[in-house]
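In what follows, chains carry the letters A, B, and so on, assigned in the order in which the sequence lines appear, proteins first and then strands, with residues in each chain numbered from 1. Nothing here was measured: the structure is a model prediction, and the numbers come from that model.
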There are 2 protein chains.
Amino acid sequence: METVAPFPYRDPSELLRRARLRPTRQRLALARLLFAGGPRHVTAESLFAEAQTANVRLSLATVYNTLHQFTEAGLLREVVVDSSCTYFDTNVSEHHHFFHEDQGVLTDIDGEEVNIHALPAAPEGTKISRVDVIIRLSGQK
Amino acid sequence: METVAPFPYRDPSELLRRARLRPTRQRLALARLLFAGGPRHVTAESLFAEAQTANVRLSLATVYNTLHQFTEAGLLREVVVDSSCTYFDTNVSEHHHFFHEDQGVLTDIDGEEVNIHALPAAPEGTKISRVDVIIRLSGQK
DNA sequence: CGTTTATTTATAATAATTCTAAACTATTGA
DNA sequence: TCAATAGTTTAGAATTATTATAAATAAACG
């Protein structure tokens, strides 16, 4: 599968073509919502609500399907911070996160701002697929 | 609430007394399973299964209640690595984790083995409640 | 003891997510 | 251009981890 980066912003149909996904009305609309502004974080529910507000008619199941397909295509990345729901990040470049626990909101930390100095070797027979750093915050944003 | 550290191993009833939790049969049995050996990681389901094997009669709801009470008392810490289920770690001292994605297994990384060199300041009005580093691994353990 | 208060439990409820299978739509190539 | 094919969407049911409820039980305390 060809690598596709969602930023800088490209035409949604070009994005979908590169990801080998048919440019359906629903996927085009979601790609626009996700990638037209700056990088952002969504949950299935938040994106679904946003689509409804924007008068995009689609089902919640399609939002789930699309988020997963986009993730597989490298357009999104999943961020695990909270066992009660799944977050997706449109910023797929290497970086880490602040998680505002009181609000359930994620924000990006610049790649250079976290510097892991010493990293242990992966155990025999395994390889590192990713390193996630989550800085959990309490208090107002 | 008095701070209670589960290691080195203490008598379960002492642990519970310090945590201001009544020493019921169920809590004593779970404390024994959790803290009698070395540090470990469990899920509610895994601990429930283990209790059944050990012929401890209790309900799954009690396992959930107890895990949360122990976490509040500082005997356990929750580790968020997988949106499909919640892990609890009996090691409450500062350290980070390997997550073996293929097996769904957590292992500890020694505190000194990860060195975060530069940490960004907490945004205005917030404070850092915790920094989690998860090294995700693929392949056999 | 007996009373109060905390705990346990079976069961129902919840909530996020996935599944199913029928209806629909984009693609392909004659 | 159009029919056939293959991929997509969807409503609704199913699943799964977890939490809530409220009645029964057990610990604490005088």
> Below 4.5 Å, heavy atoms only, C-beta onward: do Asp132(B) and Val80(B) meet side chain to side chain?
Replying inline: no
> Do Asp108(A) and His41(A) have side-chain atoms, one donor and one acceptor, less than 3.5 Å apart?
Replying inline: yes
> To the nearest Å, how far apart are Glu72(A) CD and dT18(C) C1'?
Replying inline: 15 Å
>> From the set dT9(C), dT8(D), dT9(D), return the single nucleotide nearest to any side-chain atom of Asn65(A).
In response: dT9(D)
> If you look at every strand shown and take non-hydrogen atoms under 4.0 Å, does Thr43(B) touch a base, only sugar-phosphate, or nothing?
Replying inline: nothing
> Can you check the Gln69(A) CD to dT8(D) P distance for me, whole Å?
Replying inline: 6 Å
> Within this structure, what is the CG-to-P distance between Leu21(A) and dT8(D), rounded to whole angstrom?
Replying inline: 6 Å
> Do Asn115(A) side-chain atoms and His117(A) backbone N/O form a donor-acceptor pair below 3.5 Å?
Replying inline: no
>> Between C1' on dC29(D) and CZ on Arg17(B), what's the gap in Å once rounded to a whole number?
In response: 17 Å
>> On DNA chain D, compare the nucleotides closest to Arg25(B) and Thr86(B); which residue's is nearer the 5' end?
In response: Thr86(B)
> Within the pair His68(A) and dT18(C), is there a side-chain N or O less than 4.0 Å away from OP1 or OP2?
Replying inline: yes
> So which one's nearest nucleotide on DNA chain D is more toward 5', Arg22(B) or Tyr87(B)?
Replying inline: Tyr87(B)
>> Nearest to the side chain of Leu60(B), heavy atoms from C-beta on, is which of dT9(C), dT18(D), dT10(D)?
In response: dT18(D)
> Which is true for Ser83(A) with a 4.0 Å heavy-atom rule: it touches a base, it touches only sugar-phosphate, or it touches nothing?
Replying inline: nothing
> What integer distance in Å separates Arg27(B):CZ from dT25(D):P?
Replying inline: 18 Å
> Do any side-chain nitrogens or oxygens of Arg57(A) fall under 4.0 Å of OP1 or OP2 in dT10(D)?
Replying inline: no
> Side chains of Phe48(B) and Leu58(B): does their closest heavy-atom pair fall under 4.5 Å?
Replying inline: yes
>> Please pick, from dT9(C), dA27(D), dT10(D), the nucleotide with the shortest atom-to-atom distance to any side-chain atom of Thr62(A).
In response: dT10(D)
> Is there a donor-acceptor pair closer than 3.5 Å between any side-chain N or O of Thr90(A) and the backbone N or O of Phe35(A)?
Replying inline: no
>> If I take atom CG in residue Leu16(B) and atom C1' in nucleotide dA26(D), what distance separates them, rounded to the nearest angstrom?
In response: 15 Å
> Does Thr24(A) put a side-chain nitrogen or oxygen below 4.0 Å from OP1 or OP2 of dT9(D)?
Replying inline: yes
> To the nearest angstrom, how far is Arg20(B) atom CZ from dT5(C) atom P?
Replying inline: 18 Å
>> What is the separation between atom OH on Tyr64(A) and atom C1' on dA11(D), rounded to the nearest whole Å?
In response: 16 Å
> Does Gln26(B) make a side-chain N or O approach to OP1 or OP2 of dT9(C) shorter than 4.0 Å?
Replying inline: yes
